[in-house]
There are 2 protein chains.
Amino acid sequence: MPKAKQFDELEVLKKAEKVFNEKGYNGTSMDDLVQATGLSRSSIYDTFGDKHGLFLKTLENYQASQDKAMQQQFTKTDSYKKKIRAVFDYMINDIVTDKTRKGCMMVNANMELNCVDKEVAEMALTTMEEMEQQFAMWIKEGQSTGEISKKFPAKALAKNLYNNIMGLRVTGRNRPDYDTLREITKITLSLLDQ
Amino acid sequence: MPKAKQFDELEVLKKAEKVFNEKGYNGTSMDDLVQATGLSRSSIYDTFGDKHGLFLKTLENYQASQDKAMQQQFTKTDSYKKKIRAVFDYMINDIVTDKTRKGCMMVNANMELNCVDKEVAEMALTTMEEMEQQFAMWIKEGQSTGEISKKFPAKALAKNLYNNIMGLRVTGRNRPDYDTLREITKITLSLLDQ
DNA sequence: CATTATTTGGAATAATCGTTCCGAAGTTAC
DNA sequence: GTAACTTCGGAACGATTATTCCAAATAATG
């Protein structure tokens with residue numbers, strides 16, 4: 001019965017992501033979103049509720065595709081150390097190929113809204129905990145096979161690695177230079193070796 | 001002849017800092033600032049030009065007092081390794097004693113406005129370069145006295161340290177837990193020892 | 001004490017904000 | 001082909017935005 005939607009929701013979310021990420025949540029207006037997505041106001045409100053709903057959907061979609069893309073990288077190898085390196089490589093590539101320097105939407109959203117938006121704050125916390133747990137698992141496995149040094153407790157080292165990734169998301173915003181980011185990462189990953 | 005200003009400019013900047021930092025630049029209205037500072041609109045515009053001018057002044061003042069407070073910590077010792085540790089300790093303390101979890105204004109401002117505000121982007125870049133250079137100097141000195149390991153090039157290690165500090169400013173926003181931040185830092189600083 | 005210079009509070013302004021609403025267009029089911 | 005329902009464009013809404021302006025208050029100088 002109904003008329004089909006004339007747009008692909010995921011494509012719209014990708015376009016919204018770009019604007020939200022370049023201008024921030026409070027910095028982007030509904031006009032910006034109408035222009036960027038090509039949709040009319042009514043379609044946006046009908047599909048996503050309101051601006052905040054669209055933002056949350058966009059953020060979820062961003063993190064999901066980020067997770068998926070990363071997974072495609074680290075499943076290429078069975079080595080735990082190489083899985084970790086693959087995550088860092090993915091991040092560096094993501095940063096230096098980002099033409100507009102808009103950075104990671106989850107980090108940006110969290111830094112802008114952490115104090116005033118519980119949902120965003122919780123998503124950021126969950127993302128962090130999941131990644132840390134993933135790292136911890138790999139490190140523990142790698143330590144048991146002897147591939148990774150036992151010098152540091154797995155959980156602590158995992159948190160240190162994630163801390164470094166968040167660092168890249170900040171410093172990479174100021175200076176998205178491939179060689180520098182690799183240099184930084186090389187030192188961080190040496191922690192796995194000693 | 002003139003009637004003296006009825007307020008202390010620095011105190012006003014401190015109050016503005018709190019609001020800007022909790023709500024972000026675009027998230028805080030002039031009404032918020034009037035309420036937070038206790039000043040009238042006219043006084044704000046007369047003294048700081050406009051909202052953006054006030055923000056920049058606030059950000060400059062924040063960084064200056066941040067630098068000063070940090071300096072008071074690391075000048076307490078002559079050991080280069082301890083100077084570096086003092087910076088990390090200062091950061092951790094700054095994070096965990098921040099009741100509202102508002103984080104570092106320079107990082108927040110940069111993450112929100114990097115794409116759309118050249119002045120903020122440049123301030124953030126300068127802040128990073130200065131801190132990295134400071135670290136590099138200390139590391140170089142420490143390496144020459146044997147206090148710090150020569151395993152890594154001073155400049156690269158300096159960038160890694162700053163990267164970790166930026167990490168703390170992000171992860172500390174999600175989970176401002178003293179023990180965790182110390183755990184992370186302990187591993188990072190072990191890079192100086194090997 | 002009067003004059004001059006400045007601050008200050010609050011009203012006023014124009015623009016922009018997020019959101020709602022309605023009529024026209026379109027699509028499927030009967 | 002008609003009925004039922006949805007999407008969609010754009011006008012319209014009230015609220016909020018940053019900013020301006022002016023009269024009243026204030027303080028230092030002569």
Side-chain angles (χ1 to χ4, degrees), chain A residues 1-59 105 108-109 112-113 115-120, chain B residues 1-59 105 108-109 112-113 115-120:
Chain A
M1 280 190 207
K3 175 178 175 183
K5 279 206 200 301
Q6 307 270 25
F7 55 88
D8 178 25
E9 196 166 311
L10 288 183
E11 279 180 27
V12 169
L13 291 179
K14 276 287 161 211
K15 289 172 183 169
E17 178 194 316
K18 190 169 187 293
V19 201
F20 272 136
N21 226 7
E22 285 175 8
K23 302 193 171 190
Y25 175 70
N26 284 311
T28 90
S29 66
M30 286 303 295
D31 266 330
D32 290 332
L33 292 164
V34 166
Q35 250 192 324
T37 60
L39 269 62
S40 69
R41 287 173 150 62
S42 9
S43 300
I44 295 180
Y45 277 90
D46 193 66
T47 312
F48 304 103
D50 57 6
K51 185 187 173 187
H52 189 252
L54 172 58
F55 184 74
L56 253 39
K57 260 268 172 78
T58 305
L59 187 54
M105 187 179 186
N108 296 353
E112 179 184 359
L113 302 171
C115 290
V116 291
D117 192 324
K118 272 197 170 185
E119 297 178 278
V120 169
Chain B
M1 281 189 205
K3 175 179 175 183
K5 279 209 199 298
Q6 307 269 29
F7 55 87
D8 178 24
E9 197 166 310
L10 288 183
E11 280 180 27
V12 168
L13 291 179
K14 277 286 161 214
K15 288 173 184 170
E17 178 195 316
K18 190 168 187 294
V19 201
F20 272 136
N21 226 8
E22 285 174 7
K23 302 194 172 190
Y25 174 71
N26 284 310
T28 88
S29 66
M30 286 302 295
D31 266 330
D32 290 333
L33 292 164
V34 166
Q35 251 192 322
T37 60
L39 300 193
S40 69
R41 287 172 152 64
S42 9
S43 300
I44 295 180
Y45 277 91
D46 193 65
T47 312
F48 304 103
D50 57 7
K51 185 187 172 185
H52 189 253
L54 172 58
F55 185 74
L56 253 39
K57 260 268 171 76
T58 306
L59 187 54
M105 187 178 186
N108 296 353
E112 181 184 358
L113 303 170
C115 290
V116 291
D117 193 324
K118 273 197 170 187
E119 296 178 279
V120 168

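Chain letters run A, B, ... following the sequence lines, proteins first, then strands; residues in each count from 1. Small disclaimer: the values here were computed from a predicted structure and weren't measured.
- Atom NZ of B/K51 has more than 12 neighbouring heavy atoms from other residues, nucleotides or ligands inside a 6.0 Å radius.
- The pair A/K14-A/E11 does not count as a salt bridge, with every side-chain nitrogen at least 4.0 angstrom from each carboxylate oxygen.
- When each of A/L56, A/L13, A/T58 is checked for a side chain to side chain contact (heavy atoms under 4.5 Å, CB included) with A/F48, only A/L13 meets the rule.
- Atom P of nucleotide D/dC22 and atom OH of B/Y45 are separated by 17 Å, given to the nearest angstrom.
- When rounded to the nearest whole Å, the span between CD1 of A/I44 and P of D/dG9 equals 10 Å.
- Between the side chain of B/R41 and the base of D/dT20 there is no donor-acceptor pair of N/O atoms closer than 3.5 Å.
- In terms of heavy atoms, A/Y25 sits closest to A/E112 at N-OE1, 2.9 Å.
- Rounded to whole Å, atom P of C/dT19 lies 10 Å from atom CG of A/L54.
- In this structure, A/L33 atom CG and C/dT19 atom C1' are separated by 13 Å, rounded to whole Å.
- The distance between atom CG of A/D31 and atom C1' of D/dG9, rounded to the nearest whole Å, is 14 Å.
- The distance from atom CE of B/M30 to atom P of C/dG10 is 15 Å, rounded to the nearest whole Å.
- Both B/T47 and A/G49 lie near DNA chain C, and the one whose nearest nucleotide falls closer to the 5' end is B/T47.
- Within 4.0 Å of A/S42, counting heavy atoms only, lies at least one base atom of the nucleic acid.
- At the phosphate of C/dC17, OP1 or OP2 sits under 4.0 Å from a side-chain N or O atom of A/S29.
- The shortest distance between the side-chain N/O atoms of A/S40 and the OP1/OP2 oxygens of D/dG9 is below 4.0 Å.
- Sorted by residue number, the list of members of residues 15-26 of chain A with any non-hydrogen atom under 4.0 Å from DNA chain C is empty.
- The distance between atom CG of A/D50 and atom C1' of C/dT20, rounded to the nearest whole Å, is 12 Å.
- Counting any heavy atom pair closer than 4.0 Å across all strands shown, A/T28 reaches sugar-phosphate atoms only and no base atom.
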